[in-house]
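Before any comments, here is the structure.
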Amino acid sequence: MVNAGKQLITGLGVLLLSLVLSVSCYAMDFPDEVEIDSLANLYEGVVFDHAMHVDATENCADCHHHTTGTGVSDEYCAKCHEGDVEMDTVSCQDCHSADPLSPENLHNPAPGYIYHDDKPNLKAAYHLKCLGCHNEVDGPTGCEDCHAKTEAGDKFYHSGEFAPAEDASHGEHE
Amino acid sequence: MSKITRRKFLAGSAAGGAAMMLTPAKKAFASGSFEGFPDGMGVLVDLTRCVGCRTCEAACNKEQGLPAPDLPFDDYSVFDEIHHGNQKRRPTDRAYTVVNRYEPEGADKPLYRKIQCNHCNEPACLTSCFVNAYTKTPEGAVIYNSHVCVGCRNCMIACPFHVPAYTYHSAINPVIKKCIFCYYTRLKEGKPPACVESCPQQVMTFGKRKDLMKIARERIAKNPDKYIDHIYGEKEVGGTGWFYISNAPFEEAGFDIHLPKKPIIDNVKDFLAIVPIVLTVWPALFTGFHLLATKGKSHGHGDDHSHDEQEGH
């Protein structure tokens with residue numbers, strides 16, 4: 001299994017939720033730093049410099065869609081969510097499920113939805129948002145620019161101390 | 001033990017041949033219109049999302065218990081590898097999936113593409129296999145039985161995507177190896193394959209093929225400026241279980257855009273359908289004609305013993 005510890009996800013999810021819940025963009029308080037580590041396994045969690053990203057972006061909606069009540073940046077979403085007020089939940093994992101085997105991630109398109117039926121899972125939501133923007137603004141895009149690889153990661157990728165020997169023979173398998 | 005006489009045999013084959021002739025031809029040709037199992041699973045691959053991290057390759061290696069790679073899975077120099085025939089990397093017996101990098105004309109960013117078995121609705125490998133080693137399961141996977149494989153490599157030639165690989169290093173029992181959609185460990189239990197689950201960008205979306213087709217169309221419709229208006233694998237070679245949407249023309253991401261829309265088997269189906277008719281109906285039919293033509297001359301008279309004697313002349 002690539003994703004580890006559902007307990008870890010739940011425990012740290014609650015922690016992260018409480019951090020993010022207590023705040024909102026601009027008008028309200030927001031955390032200067034968010035530790036995104038609910039999925040940490042092959043890589044360490046990310047210590048996310050929220051304050052810097054608040055300064056760097058024009059609108060909370062660039063990352064938080066319509067949930068912060070600051071207007072939406074996507075025209076498609078605006079058809080329904082224009083003028084939305086701040087929601088109770090603004091954390092990514094409130095809407096994007098971390099468990100790859102959860103019904104909403106296993107059944108595509110998500111049953112019972114007309115919209116929001118093609119929602120990325122939590123891991124993808126993070127990476128698509130972060131990397132998508134970083135690619136556009138020339139931010140860091142290497143895996144380890146954001147999170148260091150763990151020992152489990154080195155083992156998984158056959159890197160670091162688990163790297164194959166230089167002159168690994170092609171033909172010999174055990 | 002009942003003795004089958006020549007007369008009984010001929011009568012039986014004539015009757016059987018006549019029965020075959022009367023069977024509606026439509027039934028015999030039904031395999032040609034097979035469009036995949038209704039609830040077959042598939043994977044939608046969105047090339048716009050792939051960043052070439054090779055995590056899927058590592059996940060495949062672990063899940064399938066494949067031998068350690070020559071280079072770490074986070075070594076991106078493999079994208080520069082060019083193999084014989086001026087080719088980028090291809091799946092091998094030691095790596096059932098590989099990611100390649102392409103530089104589409106006019107694009108400011110490279111395009112990455114994961115290659116693995118596309119799990120065709122009507123697989124050419126399956127139809128080419130004379131020992132019937134391949135199976136297309138109702139879940140959507142194209143799997144094979146290594147114990148049956150005689151190593152003839154017909155499927156390697158038949159596959160329009162050049163996917164099946166061969167254990168050339170094995171001197172005693174070389175067999176075919178390829179992606180099996182993680183059938184035994186995951187798909188059978190309704191779980192997505194390891195590569196899909198491992199992907200940090202959800203390049204791959206797992207679901208029923210027919211439902212995923214809807215998602216693919218929706219994504220293209222919502223972002224007409226982003227995507228090429230084509231789903232590669234919707235129609236190609238009769239439809240594939242894994243299919244692709246892209247922001248660059250597919251030929252620039254190494255796809256063969258000249259593949260027929262019909263399954264590969266259609267190329268030879270008309271001929272192959274005639275073979276059993278020729279082999280079974282013709283002998284009976286023409287023997288019948290012969291018997292009719294020679295009726296009252298030497299056949300059909302006397303008992304079996306005398307008949308055998310006549311034969312002996």
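We name chains A, B, ... by the order of the sequence lines, and we start the count at 1 in each one.
In this structure, the portion of B:Glu218 lying under 4.5 Å from any heavy atom of chain A is its side chain and not its backbone. Both the backbone and the side chain of A:Leu128 come within contact range of chain B, judged by heavy atoms closer than 4.5 Å. For B:Tyr168, no part sits under 4.5 Å from any heavy atom of chain A, backbone or side chain. Contacts between B:Leu66 and chain A at a heavy-atom distance below 4.5 Å are absent for every atom of the residue.
No hydrogens or angles considered: nothing links the side chains of A:Thr67 and A:Glu86 as a donor-acceptor pair under 3.5 Å. With hydrogens and angles left out, the side-chain atoms of B:Thr167 and B:Asp93 include no donor and acceptor closer than 3.5 Å. Side-chain contact check for A:Tyr157 and B:Asp75: no donor-acceptor pair (N or O, by modelled atom type) lies under 3.5 Å. Neither side chain, B:Thr205 nor A:Asn108, offers a donor N or O lying under 3.5 Å from an acceptor on the other.
Using a cut-off of 4.0 Å between Lys/Arg side-chain N and Asp/Glu carboxylate O, B:Glu234 and B:Arg217 are scored as salt-bridged. A salt bridge is defined here as a Lys NZ or Arg NE, NH1 or NH2 lying under 4.0 Å from an Asp or Glu carboxylate O, and B:Arg186 with B:Glu139 fails to meet this definition.
Residues of residues 109-116 of chain A that come within less than 4.5 angstrom of chain B, heavy atom to heavy atom, are A:Pro109 in numerical order. Within residues 46-53 of chain B, the residues approaching chain A closer than 4.5 Å by heavy atoms are, in numerical order, B:Arg49, B:Val51, B:Cys53. At a heavy-atom cut-off of under 4.5 Å, chain A is reached by no residue from residues 171-179 of chain B.
Taking the six-membered ring where the residue is Trp, B:Tyr232 and B:Tyr244 present perpendicular rings, their angle passing 60° and hence far from 30°.
Counting only residues at least two apart or in different chains, side chain to side chain donor-acceptor pair (under 3.5 Å) contacts with residues 127-144 of chain A comprise A:Glu144-A:Lys149.
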